[in-house]
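To keep things clear, I will list the structure first and then write my remarks on it.
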Amino acid sequence: MPSSSAPGQEDDQEACILRFSDLDLKDKSLINSSNTLKAELDGSTKKKYSFAKKKAFALFVKTKQVPAPSYEYKEKWWKCCQQLFMNQTSIHRHVATQHADDIYHQTAFILKQLAATLNTSKSVTSANKKNPLKEYLTHSHEVSAWLPDTSCFSPDELKSGQGSEEGEVLLYYCYCDLEDPQWICAWQTALCQHLHLTGKIRIATEGINGTVGGSKLATRLYVEAMLSYPLFKDYLCKEDFKISRGGAHCFPELCVGVFEEIVPMGISPNKISYKKPGIHLSPSEFHKEVEKFLSQADKEQSDTILLDCRNFYESKIGRFQGCLAPDIRKFSYFPSYVDTNLELFREKRVLMYCTGGIRCERGSAYLKAKGVCKEVFQLKGGIHKYLEEFPDGFYKGKLFVFDERYALCYNSDVLSECSYCGAQWDQYKLCSTPQCRQLVLTCPACQGQGFTACCVTCQDKGDRQASGPTQDSFKEECECTARRPRIPREVSQHVQL
């Protein structure tokens with residue numbers, strides 16, 4: 001979807017026809033334009049501003065490189081937004097017009113960090129004072145030094161889908177303090193490209209959160225690289241990587257970026273830190289707690305709440321028996337949900353769970369910070385690890401995942417139904433109306449009748465677009481989301497699905 005224009009976008013469009021051969025592309029300090037932030041920097045930094053903007057643009061383009069077919073005389077093509085670009089001018093134009101906000105977001109983060117560094121530094125030499133940006137962009141680490149040796153493997157062995165070996169998808173996170181998330185971003189981009197991995201990786205000063213897909217060989221080398229890297233080896237172990245069947249085809253491309261949070265709860269890590277989470281329970285410990293909770297005759301009077309921290313469309317197709325599943329669309333709504341329903345949790349023991357455990361880390365920290373619960377527990381490793389030990393346990397239905405598989409199946413239970421006819425069905429598809437990103441449950445029979453949109457409004461919109469000129473925009477808030485309150489208020493102490 002086209003991004004809205006941002007300051008400096010016209011300059012980026014002009015830069016799309018430039019060549020960046022004079023730039024050090026191993027340096028991953030992404031910096032772009034921001035008139036407000038630019039004004040806050042000192043004069044010598046402003047002199048380097050134009051160079052930094054071009055560098056940011058070039059580095060963004062570099063992350064989209066893919067190998068060109070062997071029959072092409074060119075060494076590289078570019079892939080972005082599920083489109084293939086065969087010349088540099090076209091990819092530059094695409095990035096300039098469609099990804100201005102992405103580059104601008106990185107710019108704001110880096111320039112603010114740079115400004116803070118310049119203000120707090122007390123031991124800067126006079127030479128550095130004259131040229132702070134150049135010093136900041138010159139990193140002593142070499143990314144290539146931290147890439148695994150793949151010289152003994154052929155490219156086909158590393159690529160997912162080649163030969164008889166099935167690929168894998170890795171899901172992991174690691175909360176730890178990172179002083180230079182931009183360098184980690186550069187390393188992760190190079191590492192994934194080196195191993196032909198696709199997926200999504202979020203990096204922040206509070207840690208890293210990733211899900212990547214590729215061949216079994218590539219994912220094994222990736223795990224080894226993560227476990228051997230000094231910053232992560234004391235925090236991560238092999239069991240922290242959740243593995244499922246899949247491969248590079250599960251993601252349209254590789255997206256690696258620096259953000260304020262590694263999971264978007266919408267609250268600064270400085271206010272709610274990962275360092276004060278709930279008590280971690282192993283899958284077997286969590287299983288015993290759920291068993292004890294479900295054995296109670298009157299769950300309404302129970303002192304325990306089994307809380308699903310995920311979004312409504314995730315819990316709709318799979319959840320723990322007897323859980324409270326908030327009807328929220330984004331995890332960033334979770335804090336407001338807690339605030340709105342705070343009395344629900346007063347003097348309660350809360351058992352929290354999510355897909356892989358990461359949302360519970362800060363979600364439990366937020367709930368604990370409210371000071372109303374007896375105790376807050378969380379499932380270590382999330383549903384993913386629980387189902388590895390208890391595929392026929394208390395979790396019923398499918399496990400939703402944020403890639404093109406949509407769900408993983410561990411048991412035969414079907415909890416949801418077709419949105420149109422009510423038949424049992426739990427396989428999501430994207431709404432057929434262009435630019436609507438809602439998920440829809442529509443069974444094969446209803447699909448055959450043309451019911452492929454998320455709601456009547458979207459269906460009508462799609463029919464009009466099919467018979468008329470294509471429209472460039474479509475609001476996310478259609479009938480199926482507008483009719484549901486953004487932050488629901490629970491009417492009783494415990495709502496079972």
Side-chain angles (χ1 to χ4, degrees), residues 6-7 28-32 34 36-41 101-121 136 172-185 188 200-211 231-232 235 255-278 280 307 309-311 326 328-342 345 350 352 354-373 376 378 382 402 486-487:
K28 191 62 176 182
S29 302
L30 294 180
I31 300 179
N32 195 356
S34 167
T36 303
L37 291 173
K38 180 180 177 182
E40 296 175 359
L41 301 177
D101 281 353
D102 295 327
I103 299 176
Y104 176 72
H105 177 80
Q106 299 286 358
T107 300
F109 183 87
I110 301 303
L111 289 180
K112 285 180 180 179
Q113 187 177 55
L114 174 59
T117 301
L118 294 173
N119 290 334
T120 58
S121 176
Y136 184 81
Y172 73 94
Y173 69 89
C174 178
Y175 276 106
C176 62
D177 294 336
L178 300 180
E179 293 184 359
D180 194 348
Q182 286 74 39
W183 191 87
I184 299 297
C185 180
Q188 284 291 310
K200 303 174 183 178
I201 300 175
R202 292 175 66 97
I203 302 160
T205 55
E206 64 173 356
I208 184 170
N209 173 21
T211 174
L231 284 177
F232 299 126
Y235 296 93
C255 298
V256 185
V258 177
F259 301 85
E260 186 177 18
E261 306 171 272
I262 60 174
V263 62
M265 192 170 77
I267 297 179
S268 171
N270 296 327
K271 295 181 179 179
I272 299 295
S273 172
Y274 71 89
K275 297 178 180 180
K276 298 180 179 180
H280 291 74
L307 180 62
C309 291
R310 301 173 301 158
N311 305 319
I328 56 176
R329 187 166 58 85
K330 297 179 180 179
F331 182 59
S332 57
Y333 296 172
F334 181 78
S336 296
Y337 173 83
V338 170
D339 294 345
T340 302
N341 299 280
L342 199 59
F345 305 105
V350 180
M352 300 176 66
C354 60
T355 304
I358 186 171
R359 281 178 278 189
C360 284
E361 297 285 3
R362 295 195 60 222
S364 65
Y366 186 83
L367 190 54
K368 279 185 62 180
K370 292 298 174 179
V372 299
C373 301
V376 180
Q378 63 187 81
F402 291 91
R486 179 177 180 271
I487 307 297

Revision key, fill the gap. Distance col, row Ile358:CD1 vs Asn209:CG, nearest 0.5 angstrom, shows 3.5 Å

Check your understanding: Is any side-chain heavy atom of Phe259 closer than 4.5 Å to a side-chain heavy atom of Pro264?
Key -> no

Review point. Rounded to the nearest 0.5 Å, how far apart are OG of Ser273 and CD of Glu206?
Key: 7.5 Å

Check your understanding: So do Phe331 and Val263 actually touch side chain to side chain, heavy atoms under 4.5 Å?
Key -> yes

Check your understanding: So how far is it from Ile487 CD1 to Phe334 CZ, rounded to the nearest 0.5 Å?
Key -> 11.0 Å

Check your understanding: Under the criterion side chain to side chain contact (heavy atoms under 4.5 Å, CB included), which of Pro269, Ser332, Ser268 is the partner of Glu261?
Key -> Pro269

Check your understanding: Are His280 and Glu361 close enough that some pair of their side-chain heavy atoms sits under 4.5 Å apart?
Key -> yes

**Study point:** Any side-chain heavy-atom pair of Asn311 and Arg329 under 4.5 Å
**Key:** no

Practice item. Sort out for me which residue in Tyr274, Tyr235, Phe232 forms a ring pair (Phe, Tyr, Trp, His ring centres under 6.0 Å) with Tyr175. Key: Tyr274

Practice item. For the residue pair Pro181 and Ile208, establish whether any side-chain heavy-atom pair is separated by less than 4.5 Å. Key: no

**Study point:** Within-4.5 Å side-chain heavy-atom neighbours: Lys275 and Asp177
**Key:** yes

Practice item. State, to 0.1 Å, how close Ala204 and Leu178 come at their nearest heavy-atom pair, and which atoms those are. Key: O-CD1, 3.5 Å

